[in-house]
Amino acid sequence: MKLKHLHSWDITPKDAVQLQHALRDQVIADRPLDLSKIRTVAGVDVSVKNNVSQAAVTVLTFPDFKPVETALAQRPTTFPYVPGLLSFREGEVLVDAFTKLKNVPDVFMFDGSGYLHPRRIGIASHIGLWLGVPTIANAKNRLCGAHDGVGPERGDWRPVTHKDEVIGAALRTKAGCKPVFVSAGHLSDLESAVSLVMSCLTKYRLPEPVRAAHKAAGVFG
DNA sequence: GCGACAG
DNA sequence: ATCTTGTCGC
């Protein structure tokens, strides 16, 4: 698929923060998704092994999760892991994988945060600007913000707030397991993101698109 | 100053 | 993220 080249990935952590401030206003995180029109969903993930990053984008049919296509890409891992700057560590290799992707899905589900970010531009939102296609975020841990206790049943959730703003949701995707942190990416909104994640659950804590991408990224070839 | 901190 | 077997709990 074709991507929009918005900037270079060869920058310092300090300049990356400035770039986030310059890009944040372009992110659309208040646009509802029409779940009834979604026919394909792609999971996005990156694994790191011996200083080599491998990106995986796996497209699945929705809502039956049949595999359609998986695009992979590899690159030396250069940018360090800095909380809040994950998109600069995984962005370039992800763009390589997206460029190889033939089937453009209706929405991309990232393993990481989106609007739930100190500057409201986590990896799902940032890369969403390059994609120009709806994205949502599903993180396994909380990057920032706070929330009250989440109920014990699958589907229970509580808003995550940061500086008096609701930026995401702590969602119980499976009883007995810790919640996941859902947020809007780009061209989506929190409510739609929570609905889509819930619609992508089977018998595990993580939604199928993310599980599929994680599995594909972990196996080098 | 101290603690928190996606993957 | 990654290093790693068995084990406790819903």
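Numbered from 1 within each chain, the chains take letters A, B, ... in sequence-line order. The model shown is predicted, which means the values in this text are computed figures rather than measured ones.
- Where stacking is scored as ring centres under 5.5 Å apart with planes under 30°, A:Y81 registers as stacked on the base of B:dG7.
- Under the 30°/60° scheme for interplanar angles, the aromatic rings of A:F98 and A:F110 are found to be tilted.
- Aromatic rings from A:F181 and A:H147 are positioned such that their centres are separated by under 6.0 Å.
- Separating the CG atom of A:L85 from the C1' atom of C:dA1 is a distance of 16 Å, rounded to the nearest angstrom.
- Atom CG in A:N51 sits about 20 Å away from atom P in B:dG7, given to the nearest Å.
- Between the NZ atom of A:K49 and the C1' atom of C:dT4 there is a distance of 11 Å, rounded to whole Å.
- A salt bridge does not link A:D106 with A:R39: every distance from a Lys NZ or Arg NE/NH1/NH2 to an Asp or Glu carboxylate oxygen is 4.0 Å or more.
- Distance A:F110 CZ to B:dA6 C1': 13 Å, rounded to the nearest Å.
- Summarising the geometry, the separation between NZ on A:K178 and P on C:dC8 is reported as 22 Å, rounded to the nearest angstrom.
- Between the side chains of A:E208 and A:T202, at least one donor N or O sits under 3.5 Å from an acceptor N or O.
- Of the residues in residues 124-148 of chain A, those lying under 4.0 Å from DNA chain B by heavy-atom distance are A:A139, A:K140, A:N141, A:R142, A:L143.
- Residues A:S183 and A:S113 bring no donor and acceptor atom of their side chains to less than 3.5 Å of each other.
- With respect to A:E92 and A:R75, a salt bridge is recorded, a charged nitrogen being found less than 4.0 Å from a carboxylate O.
- For the pair A:R205 CZ and C:dC10 P, the interatomic distance rounds to 18 Å; values are reported in whole Å.
- Taking only side-chain nitrogens and oxygens, A:H214 never comes nearer than 4.0 Å to OP1 or OP2 of B:dG7.
- Heavy atoms of A:I123 sit under 4.0 angstrom from at least one base atom.
- Note: A:W130 and A:H186 fail the aromatic proximity criterion, with ring centroids not under 6.0 Å apart.
- In this structure, the CZ atom of A:R89 is 13 Å from the P atom of B:dA6, given to the nearest Å.
- At whole-Å resolution of the value, NE2 in A:H117 and P in B:dA4 are 20 Å apart.
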